[in-house]
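Shown next, in structure tokens, is the structure this report addresses.
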Amino acid sequence: MKKIFLILFLFLISFLDSEAQWFTQQSGTTNPLYDIEFINDKTGWSCGDGGYIIKTTNGGENWIQQGFGVTFEPLFGIHPVDSNVVYSVGFYRTIVKTTNGGTTWIKIQSGMQGDGNYTCVYFINYNTGWIGNFDSPEHGVRRTTDGGQTITSVPFSGYPEDMYFKDSLNGVGVGGLSYIYRTTNGGLNWSSYSIVQNGDFYRVSFINGNTGFTSSTRAFYKTTNFGVSWDSVGRVSPLNIDVTSIEFCNENTGWAGTQSPVYKTTNGGRNWIQQFLTGVVYSIYSFNDSLAWTCGNAGRIWHTTNGGISFIQPISFISPDDFSLFQNYPNPFNSTTKIAFSIRKQGRYSLDVINNLGQKVDEIFDSEISIGKYEVSYNADKLSTGIYFYRLTGEEVIVKKFLFIK
């Protein structure tokens, strides 16, 4: 009987620990929040339905409503230039702006019902910015170089759902039907092409002036030449659900939001592990590999301070006697194999793939894990045919061998 209570207690601790890796922050609304952006680890803004804008200066412990009454149109995008200047855009060609950190907001453009909608916004300084424009028959991008006093239309077929500019000339946008949009002259002209024939891109995430990521229902893509070309790396979810948001803090670590689960990768998108269930996640912001925020439907804001717990499938709730790594199956294998392991002490563990020269060639996970027996599915498509070793590191190191046949 004591052993049963001990097992139940350990399971409860494990469950509570895993759930506590992401926690909710009070946004003050139950309406959808469509975008969330920070300028550092403490100060950020979010926007959503009803012209709702909120700000935090303490990492989200408190969110304070701003700009009440300036507009009641849904706001889809928000972009802080610095601690003072912030732009937000949305329905019916609405643009609102603050120059004092949000103490006061002004409406610098507004249309009427039936006018087009602005989908996203990106500014590189106080004055110069671009706005995704859904306005049939004049889709495309709008541009300003004077802080919104003058707005120039650049029409083309399609419109970005999200954009990123690395300087005043070079920008990349993503949109529906897996379209990529690029400009090299500050948005005066845009080229566009579709990567595949199905799926929609809602977000793009760049970690530097060359490397960026986006994802659709079907696949996850990476560019290393600022959007000139994109390679299919993997797939966020085995289910045909929209990937509604994507965010990377470095070349290996990123998160993807969907219509329910949030997923995380620690190997550049080749493998994704479900972290937690929530509603639709429209936007994710990460300050580093530990601090991240999401926003979505029902006014939900979720936050993690340790990168979130990776949902590694538990296969037993019994406290194991040993720290163990089991032989993968199938073995040999083509494409995907399963690896099981047992943890007897809660702590940080990593599972890596090593070649026959002793070099690390892949990281399957690096996470805080509680007591129990677990199983992960590993996709080895990036490897060449050959013999490899997989190494579990934690309270000690265990190594086993597998054969991959491509």
Side-chain angles (χ1 to χ4, degrees), residues 10-11 13-15 17-22 233-234 248-255 263-276 286 288-292 304-333 335-384 386-404:
L10 291 173
F11 168 63
I13 293 297
S14 173
F15 176 80
D17 179 74
S18 66
E19 288 297 298
Q21 306 304 307
W22 284 88
V233 178
F248 273 70
C249 60
N250 56 49
E251 194 151 359
N252 293 314
T253 303
W255 293 265
Y263 295 85
K264 181 181 180 181
T265 180
T266 57
N267 60 8
R270 291 184 296 278
N271 299 94
W272 295 83
I273 300 172
Q274 181 179 309
Q275 289 204 304
F276 72 107
S286 65
N288 54 31
D289 61 1
S290 297
L291 297 177
T304 181
T305 59
N306 64 0
I309 186 70
S310 295
F311 185 76
I312 301 167
Q313 183 67 43
I315 57 178
S316 174
F317 298 135
I318 299 175
S319 179
D321 295 326
D322 299 308
F323 174 59
S324 304
L325 178 63
F326 300 95
Q327 188 63 50
N328 66 299
Y329 66 94
N331 185 42
F333 70 99
S335 186
T336 302
T337 188
K338 294 183 182 295
I339 301 172
F341 57 94
S342 295
I343 301 298
R344 65 179 178 181
K345 294 180 181 179
Q346 180 176 323
R348 192 166 191 88
Y349 294 84
S350 63
L351 184 60
D352 303 316
V353 178
I354 312 296
N355 64 19
N356 57 11
L357 298 177
Q359 300 167 323
K360 177 180 171 179
V361 294
D362 206 355
E363 179 181 272
I364 301 175
F365 66 77
D366 183 355
S367 300
E368 184 82 13
I369 302 177
S370 299
I371 297 168
K373 186 176 181 180
Y374 300 87
E375 183 180 78
V376 295
S377 179
Y378 173 59
N379 185 306
D381 283 346
K382 67 165 289 189
L383 304 179
S384 302
I387 295 174
Y388 295 87
F389 301 87
Y390 56 103
R391 177 182 65 193
L392 181 63
T393 303
E395 56 188 281
E396 55 185 280
V397 178
I398 306 176
V399 179
K400 288 190 177 292
K401 180 172 62 176
F402 64 61
L403 173 61
F404 174 61

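Please read all numbers here as calculations on a predicted model, not as lab measurements. Quick note: numbers below take in every heavy atom, side chains included, and nothing from hydrogens, waters or symmetry partners.
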- Of Thr266, Leu351, Asn252, Val353, which is the lone residue that meets side chain to side chain contact (heavy atoms under 4.5 Å, CB included) with Glu363? Thr266
- Item | From Ile398 atom CD1 to Phe389 atom CZ, the distance as rounded to the nearest 0.5 Å | 15.5 Å
- Item | Side chains of Asn331 and Thr337 in contact at under 4.5 Å (non-hydrogen atoms) | no
- Could you pull out the closest heavy-atom pair between Ala340 and Leu325, with the gap in Å? O-CD1, 3.7 Å
- Message: Using 0.5 Å steps for rounding, measure from the OG atom of Ser350 to the CZ atom of Phe365.
- Response: 7.0 Å
- Between Asn328 and Tyr378, does a side chain to side chain donor-acceptor pair (under 3.5 Å) hold up when you go through it step by step? CA-CA 10 Å; Asn328 66 299; Tyr378 173 59; over 6 Å; no
- Task: Report yes if the side chains of Asn267 and Ile364 come closer than 4.5 Å at any heavy-atom pair, otherwise no.
- Result: no
- Query: Given Thr253 and Asp289, is the side chain to side chain donor-acceptor pair (under 3.5 Å) satisfied, shown in steps?
  - Reply: CA-CA 7 Å; Thr253 303; Asp289 61 1; 5.1 Å; no
- List the atom of Arg270, the atom of Val233, and the distance in Å for their closest heavy-atom pair. CG-CG1, 3.7 Å
- Item | Backbone of Lys373 reached by a side-chain donor or acceptor of Ser342 within 3.5 Å | no
- Thr305 side, atom OG1; Leu291 side, atom CG - distance, nearest 0.5 Å: 7.0 Å
- Item | Within-4.5 Å side-chain heavy-atom neighbours: Val399 and Tyr390 | no
- Note on the structure: In terms of heavy-atom contacts, Trp255 and Ser286 come closest through CZ3-CB, 3.5 Å
- Message: Can you give me the closest heavy-atom contact between Arg344 and Pro320, atom names plus distance?
- Response: CB-O, 3.7 Å
- Check the pair Tyr329 / Glu375 against side chain to side chain contact (heavy atoms under 4.5 Å, CB included), numbers first and verdict last. CA-CA 11 Å; Tyr329 66 94; Glu375 183 180 78; 2.3 Å; yes
- Under the ring pair (Phe, Tyr, Trp, His ring centres under 6.0 Å) test, residues paired with Phe333 that sit two or more places apart: Phe402, Phe404
- Minimum heavy-atom separation for Lys338 to Ser377, with atom names? NZ-CB, 4.2 Å
- Is any side-chain heavy atom of Asp352 less than 4.5 Å from a side-chain heavy atom of Asp362? no
- Contact check, side chains of Lys401 and Ile387, non-hydrogen atoms, under 4.5 Å: yes
- Near-ring test Tyr374/Tyr349, centroid separation under 6.0 angstrom: no
- Query: Would a 4.5 Å heavy-atom cut-off, applied to side chains only, mark Ile354 and Tyr388 as touching?
  - Reply: no
